[in-house]
Amino acid sequence: MPLLLPLLGALLAGACSIPDPVSAVFGAREEQTPSERRYEGLAQAGAPAVLAGVENEEDRFAAFLKAEERNGIGSWVSIDNVNLSLRNGFLVATRGLGGDMMSADVGEVQAAILFDFPGYYPRFQSYLDGENQVVIRSFVCKVASRGAREVDLGPFTARTRLMEEDCKSSDQSFVNLYWVDDGTGEVRQSRQWASPRLGPIAIRQIPR
């Protein structure tokens with residue numbers, strides 16, 4: 001992801017002076033790759049945008065635009081053709097990052113988090129290991145609320161409920177965080193584990 005931006009601190013802190021990462025990626029070059037042309041077309045059409053990136057890669061982030069949605073899963077692309085698949089704000093796949101999350105079944109935990117139902121829920125997830133083999137894992141996840149939080153998105157401040165998903169298997173564990181809007185039920189920002197190689201991915205809505 002060569003066009004990532006160092007904005008993790010601003011993302012999770014809710015800073016109000018974040019530069020526009022969508023318009024910032026276009027330079028003065030006359031020649032563009034197909035993925036760059038596609039990205040620019042999506043940007044000009046006002047496609048929904050998120051800021052996302054891998055925490056373990058020196059806090060580097062990129063703007064992703066929503067290219068399409070099929071069966072409730074949105075496909076979000078960066079200018080260099082990295083792809084995130086999101087279902088109502090929940091990460092279910094990545095492509096182009098290395099050690100990608102191949103798929104995730106988040107149906108039960110998604111409902112619990114969006115509707116604030118504390119308890120224990122299953123999560124099934126697959127990812128690529130160091131030899132590019134698909135590994136399938138199951139986790140038991142404890143869903144709980146951390147209480148009310150405000151998220152400064154720049155043009156407005158969202159009142160949210162911070163939900164925690166604490167997942168464990170026999171030899172792995174991780175904690176996902178979701179800031180769920182009290183009014184709309186949208187996930188305004190999140191921190192979601194993708195795979196052992198990638199670690200957590202932070203995602204934040206970009207109002208446009």
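Atom NZ of K142 sits in a sparse spot, with 12 or fewer heavy atoms from other residues, nucleotides or ligands closer than 6.0 Å. Counting non-hydrogen atoms of neighbouring residues, nucleotides and ligands closer than 6.0 angstrom, the CG atom of N71 reaches no more than 12 such neighbours.
Put simply, the side chain of S190 never gets that close to the backbone of Q192: no donor and acceptor are under 3.5 Å apart. A distance-only check finds no donor-acceptor pair linking the side chain of T160 to the backbone of E150 [under 3.5 Å]. Between the side chain of R146 and the main chain of L162, no donor-acceptor pair closer than 3.5 Å is present. Using modelled atom types, one side-chain atom of R197 and one backbone atom of D129 make a donor-acceptor pair closer than 3.5 Å. Between the side chain of E108 and the backbone N or O of R123 there is no donor-acceptor pair closer than 3.5 Å. Of the possible donor and acceptor atoms, one in the side chain of D100 sits under 3.5 Å from a partner among the backbone N and O of G96. Side-chain atoms of D166 do not come within 3.5 Å of backbone N or O of V175 as any donor-acceptor pair.
By the 4.5 Å heavy-atom criterion applied to side chains, N176 and I113 are not counted as neighbours. Side-chain contact between S103 and F124 is absent, with no heavy-atom pair separated by less than 4.5 Å. Side-chain atoms of L153 and F156, non-hydrogen and from C-beta on, do get closer than 4.5 Å to each other. Side-chain atoms of M102 and R95, non-hydrogen and from C-beta on, do get closer than 4.5 Å to each other. Taking 4.5 Å as the limit, some side-chain heavy atom of Y127 sits within range of a side-chain heavy atom of R137.
Residues R38 and A67 approach most closely at NH2-CB, 3.2 Å, considering heavy atoms. Considering all non-hydrogen atoms of both residues, V109 and P122 come closest at CG1-O, 3.8 Å. Between K66 and G74 the shortest heavy-atom distance is CE-CA, 4.1 Å. Residues I203 and A52 approach most closely at CG1-CB, 4.0 Å, considering heavy atoms. Here the shortest heavy-atom pairing between P200 and R191 reads CG-NH2, 3.5 Å.
No continuous path of hydrophobic side-chain contacts links V140 to V143 [ILVMFWY only; heavy atoms under 4.5 Å]. Cluster annotation: L177 is not connected to F139 through the hydrophobic network of ILVMFWY side chains, with a link wherever side-chain heavy atoms come within less than 4.5 Å. Connection of V77 to I79 is established within a shared hydrophobic cluster, with ILVMFWY side chains joined at heavy-atom distances below 4.5 Å, either directly or through further cluster members. Under a hydrophobic clustering in which Ile, Leu, Val, Met, Phe, Trp and Tyr are joined whenever their side-chain heavy atoms come within less than 4.5 Å, directly or via other members, I136 and V106 fall into different clusters. Residues I201 and M101 are members of one and the same hydrophobic cluster, defined by side-chain heavy-atom contacts under 4.5 angstrom among Ile, Leu, Val, Met, Phe, Trp and Tyr.
A salt bridge links D181 with R188: the closest approach of a Lys/Arg side-chain nitrogen to an acidic carboxylate oxygen falls below 4.0 angstrom.
Put simply, CD1 on I206 and CG on L65 are 7.5 Å apart, with the number rounded to the nearest 0.5 Å. Put simply, OG on S145 and CZ on R161 are 6.5 Å apart, with the number rounded to the nearest 0.5 Å. Between Q110 atom CD and F115 atom CZ the span is 8.5 Å, to the nearest 0.5 Å. Atom-to-atom distance recorded for E164:CD and Y178:OH is 11.0 Å, nearest 0.5 angstrom. For the atom pair OG1 (T33) and OH (Y39), the distance works out to 12.0 Å, reported to the nearest 0.5 Å. Rounding to the nearest 0.5 Å gives a distance of 4.5 Å between CD of E68 and CZ of R70.
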Handout entry: Candidate pair R149 and R159, rule side-chain contact (heavy atoms from CB on, under 4.5 Å), full reasoning
Key = CA-CA 6 Å; R149 298 289 193 279; R159 294 186 177 183; over 6 Å; no
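The aromatic rings of F174 and W193 lie parallel to each other, with less than 30° between the two planes, well short of the 60° mark.
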Could you pull out all donor-acceptor pairs under 3.5 Å where a side-chain atom in residues 81-92 meets a protein atom, sequence neighbours excluded?
from : atom 1 : to  : atom 2 : distance (Å)
N83  : ND2    : S75 : OG     : 2.7

